[in-house]
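Here's the structure we're looking at; comments come further down.
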Amino acid sequence: MSHDTTLENLAQKGAWVSIFAYLFMSSIKLSFGYFGHSEALVADGLNNTTDIIASIAVLIGLKISIKPPDQDHHYGHTRAETIASLIAAFIMISVGLTVIIQAVESLISPRTESPTTFTAITAAFSAIFMFIIYNYNRLLSKKTKNASLAAVAKDNLSDALVSIGALIGIVGTWTGLTWLDPLAAFVVGFIICKTAWDIFREA
């Protein structure tokens with residue numbers, strides 16, 4: 001096995017780690033967020049589902065881009081990663097807009113239920129968990145010198161920060177600031193859209 005192939009396999013491993021981390025966290029956040037009456041946590045969970053899409057796009061791009069040139073692709077398959085990123089960006093922006101619309105509706109017509117304690121615990125756990133994943137992929141991206149994996153690592157960090165924002169929104173509702181939870185959801189929706197736009201622009 002060549003040195004380049006070994007590095008590509010390590011990069012793919014990092015993408016798989018992110019996918020499983022996001023699957024784990026999104027299922028927890030969507031469940032606790034829905035039943036625990038926290039829009040911010042639900043939005044955070046939806047954010048992770050878009051991250052799954054982005055990570056899969058990176059993985060597909062990595063697998064196809066390392067294929068050697070053939071009769072139909074004389075210059076190789078390096079553009080596959082770009083096409084996968086564009087598709088992911090379109091899906092992500094649709095999810096982000098949905099989150100924003102729902103958050104605005106909740107700001108106009110606030111809910112009466114306050115988020116439960118479990119939603120705050122979930123958000124705090126998510127922030128710590130995603131920060132660990134960020135460090136793992138950051139170190140792996142330096143080792144492999146893979147730009148896509150470096151981008152995934154940055155996304156891991158932003159997800160940790162998003163969970164902190166969701167935690168602030170949840171705790172804020174307990175102090176009587178009921179608008180903080182949907183406001184946090186709105187910010188998450190904006191972050192999803194911005195991330196999608198950045199991916200689209202780079203692609």
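What's counted below: heavy atoms across the whole structure, side chains too, no hydrogens, waters or symmetry copies.
When the side chains of ILVMFWY residues are joined at heavy-atom separations under 4.5 Å, either directly or via intervening members, Phe24 and Phe32 end up in a single hydrophobic cluster. Cluster annotation: Tyr136 and Phe129 are assigned to the same hydrophobic cluster (Ile/Leu/Val/Met/Phe/Trp/Tyr, side-chain heavy-atom contacts under 4.5 Å, transitive). Cluster membership for Phe20 and Val17, using ILVMFWY side-chain heavy atoms within less than 4.5 angstrom, is shared. The same ILVMFWY cluster, assembled from side-chain heavy atoms under 4.5 Å apart, contains both Met25 and Ile133. Linking ILVMFWY residues whenever their side-chain heavy atoms come closer than 4.5 Å, directly or via other members, places Trp174 and Leu167 in the same cluster.
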Review point. After noting the C-alpha distance and the side-chain angles of Asn156 and Ser18, does the key distance pass the side chain to side chain contact (heavy atoms under 4.5 Å, CB included) rule?
Key: CA-CA 8 Å; Asn156 296 150; Ser18 288; 3.7 Å; yes
Check your understanding: Could you go step by step and tell me if Leu30 and Thr49 meet the side chain to side chain contact (heavy atoms under 4.5 Å, CB included) rule?
Key -> CA-CA 10 Å; Leu30 290 172; Thr49 60; 4.2 Å; yes
Point to revise | side-chain hydrogen bond (donor to acceptor under 3.5 Å, both in side chains) between Ser158 and Asp155, intermediate numbers included | key: CA-CA 5 Å; Ser158 71; Asp155 196 35; 3.3 Å; yes
Practice item. Take Ile108 and Glu105, measure what side chain to side chain contact (heavy atoms under 4.5 Å, CB included) needs, and give me the verdict at the end. Key: CA-CA 5 Å; Ile108 295 172; Glu105 289 175 350; 5.9 Å; no
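A donor-acceptor pair is defined here as one N or O able to donate and one able to accept, closer than 3.5 Å; no such pair exists between the side chain of Asp181 and the backbone of Ser38. Of the possible polar contacts, none joining the Trp197 side chain to the Ile93 backbone as a donor-acceptor pair under 3.5 Å is found. Side-chain N or O atoms of Thr173 include one that pairs as donor or acceptor with a backbone N or O of Ile170 at under 3.5 Å.
In plain terms, the two heavy atoms of Ala184 and Ala166 that are nearest each other are CB-CA, 4.5 Å. Between Ala196 and Met92 the shortest heavy-atom distance is CB-CB, 3.7 Å. The shortest heavy-atom contact between Cys193 and Ile100 is SG-CD1, 4.0 Å. Between Trp179 and Leu107, the closest heavy-atom pair is O-CD2, 3.7 Å. Here the closest heavy-atom approach between residue Ala103 and residue Glu39 is recorded as CA-OE1, 4.0 Å. Smallest separation of non-hydrogen atoms from Arg138 and Ala153: N-CB, 3.6 Å.
Taking CG of Leu97 as the start and CD of Gln102 as the end, the distance is 11.5 Å to the nearest 0.5 Å. Remark: Leu41 CG to Thr122 OG1 distance equals 5.5 Å, nearest 0.5 Å. One finds the CG atom of Leu157 at 9.5 Å from the CE atom of Met130 (value rounded to the nearest 0.5 Å). Atom CD1 of Ile52 and atom CD1 of Ile91 lie 12.0 Å apart (nearest 0.5 Å). Separating the CG atom in Asp159 from the CD1 atom in Ile191 is a distance of 9.0 Å, to the nearest 0.5 Å. Here the straight-line distance linking atom CG of Asp44 with atom CD1 of Ile192 works out to 8.5 Å at 0.5 Å rounding.
Annotation: Phe190, atom CZ; neighbour count of heavy atoms from other residues, nucleotides and ligands within 6.0 Å does not exceed 12. More than 12 heavy-atom neighbours from other residues, nucleotides or ligands sit within 6.0 angstrom of CZ on Phe125.
Side chains of Ser163 and Ser126: a donor on one and an acceptor on the other come within 3.5 Å.
The aromatic rings of Tyr134 and Phe131 are tilted relative to each other, their planes meeting at an angle between 30° and 60°.
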